[in-house]
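Accompanying notes for the structure given below.
Just follow the structure's listing: the first ligand is 1, and inside any ligand the first atom is 1. Being a predicted model, the structure only gives us computed values, none of them experimental.
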Amino acid sequence: MIIVTRPGVTEDELDEIRERVESLGLRTHVSKGENRQIIGCIGDEERLSSLPLLGLRGVEAVHPVMRPYKLASREFSANLTRIPLADHTLGGSSTVVIAGPCSVEGEGMALETAGTVQSAGASAFRGGAFKPRTSPYSFQGLEEEGLEILARVRRVTGLPVITEVMDTRHVEAVAGHVDVLQVGARNMQNFALLREVGRVHRPVLLKRGMSATVKDLLLAAEYVMQQGNMQVILCERGIRTFERATRNTFDVGAIPVLKEESHLPVVADPSHAAGRRALVPPLAFAAVAAGADGLMVEVHPRPEEALSDGEQSLDFAQFRALMRDLVPFAAAAGRPVATTANPSRQ
Ligand code: PEP
Ligand code: MN
């Protein structure tokens, strides 16, 4: 249930509405718009039937929320969620590019890649320290050492850094080293992990599971938000279908659907969708045309030597070419690329 207040509602009126709703055992969440506020009510809505909500001072309208997700739904929030990432904002009017290697393989390659993607116009750096690999014999990531390297990249370049967390026991350490916590496709329904990242004060980039529907993704976001962390970024990275020509099937339609259903920013990962570097630029353009707030792209100094996802990683020249072509394309789509304000910080 959402309660929409009258324009100019007072703080006292707002408090009174909340107290009455909470006295029935429901939780409230207030989203402040320019004139009106939206009070979301979460819990057993049957109980609200005993409350003459429309008779309370300051109340203009009351609407049921039909969606199974509440906090993540578009109607629950008066505004679109904007997530600051250093000098830029995800969910604003520009396209934010996050780039870096699949895995952090060492300090040299991480710093070299970060400097290159920054000067090409990326606004954030990605790199995995804990890697979810299909085979236990594949490279698993540098783990804690990888986190130290990411913290150093952050200090040296000033770029915000994003990395995956796979285990509830690592959430605190990861949050202590980087700006954004990634929950990977394989963990999208790891409910203990979702709850744990919901308790930290760091944005969470939540990747769509390989066999997850849009609804499943939004309910996963709801797990994080229910714990108090409203800074969730949704990520479309392709889903598994019968098609074998691409690593995953990029569900470009999910981007406008997510934007319609939710107030949360949406990022697209063309690299994991494509599986081959030649397909990364066209999928990146498709994502921007579909309204993505950002892109996350894998880049490696020598993709042929990469310890993970080399086939889908762009080399430096390819990433520069992508950025060069993306800048006019995104501007024409009305979402100019947010370029790094101060690339000389590297
Ligand atoms: C990654 O970002 O490197 C990754 C493992 O992604 P996904 O969880 O989407 O497979
Ligand atoms: Mn990868």
- Message: Any atom of ligand 1 sitting under 4.0 Å from a heavy atom of R208?
- Response: no
With a sphere of 6.0 Å drawn around CZ of R240, does it hold more than 12 non-hydrogen atoms of other residues, nucleotides or ligands? no
Nearest non-hydrogen protein atom to atom 9 (O) of ligand 1, with distance, is R237 NE, 2.6 Å
the protein heavy atom lying closest to atom 2 (O) of ligand 1 turns out to be R126 NH1, 2.7 Å
Side-chain contact, heavy-atom cut-off 4.5 Å: H63 with V4? yes
Is it true that the side chains of D309 and H272 contain a donor and an acceptor less than 3.5 Å apart?
yes
**Message:** Within the structure, is a non-hydrogen atom of C102 found at a distance of less than 4.0 Å from ligand 1?
**Reply:** yes
For G184, the atoms of ligand 1 under 4.0 Å from one of its heavy atoms are 8 (O)
for atom 6 (O) of ligand 1, nearest protein heavy atom and its distance come out as K207 NZ, 2.9 Å
Do M296 and M166 land in one hydrophobic cluster if side-chain heavy atoms of ILVMFWY residues count as linked below 4.5 Å?
no
- Query: Do R57 and D12 sit within salt-bridge range, that is, some charged N less than 4.0 Å from a carboxylate O?
  - Reply: no
Which class fits the ring pair H29 and F76: parallel under 30°, tilted 30 to 60°, perpendicular over 60°? parallel
- Message: Can you tell whether the side chains of E298 and R277 come within less than 4.0 Å, N to carboxylate O?
- Response: no
Check your understanding: K131: heavy atom below 4.0 Å from ligand 1, yes or no?
Key -> yes
Are L193 and V232 connected in a single hydrophobic cluster, I mean Ile/Leu/Val/Met/Phe/Trp/Tyr linked by side-chain heavy atoms less than 4.5 Å apart?
yes
**Asked** In terms of hydrophobic clustering (I, L, V, M, F, W, Y; side-chain heavy atoms under 4.5 Å; direct or indirect links), are I233 and L80 co-clustered?
**Response** no
*Do any N/O atoms on D269 end up under 3.5 angstrom from N/O atoms on ligand 1?*
no
For F316, the ring-ring contact (aromatic ring centres under 6.0 Å, His included) test, sequence neighbours excluded, returns none
Within 4.0 Å of some non-hydrogen atom of R186, the atoms of ligand 1 are 7 (P), 8 (O), 10 (O)
Report for the Mn ion (ligand 2), protein N, O or S closer than 2.8 Å, by chain and number, lists C102 SG, H272 NE2, E298 OE2, D309 OD2
Under a 3.5 Å cutoff, is there a donor and acceptor pairing between the side chains of Q189 and Y223?
no
Q. Taking distance alone, with no angle check, do H272 and ligand 1 share an N/O pair under 3.5 Å?
A. yes
*So is there a nitrogen or oxygen of Q182 less than 3.5 Å from a nitrogen or oxygen in ligand 1?*
yes
message: Under 3.5 Å, is there a donor on one side chain and an acceptor on the other for T28 and R18?
response: yes
closest protein heavy atom to atom 8 (O) of ligand 1 is A185 N, 2.7 Å
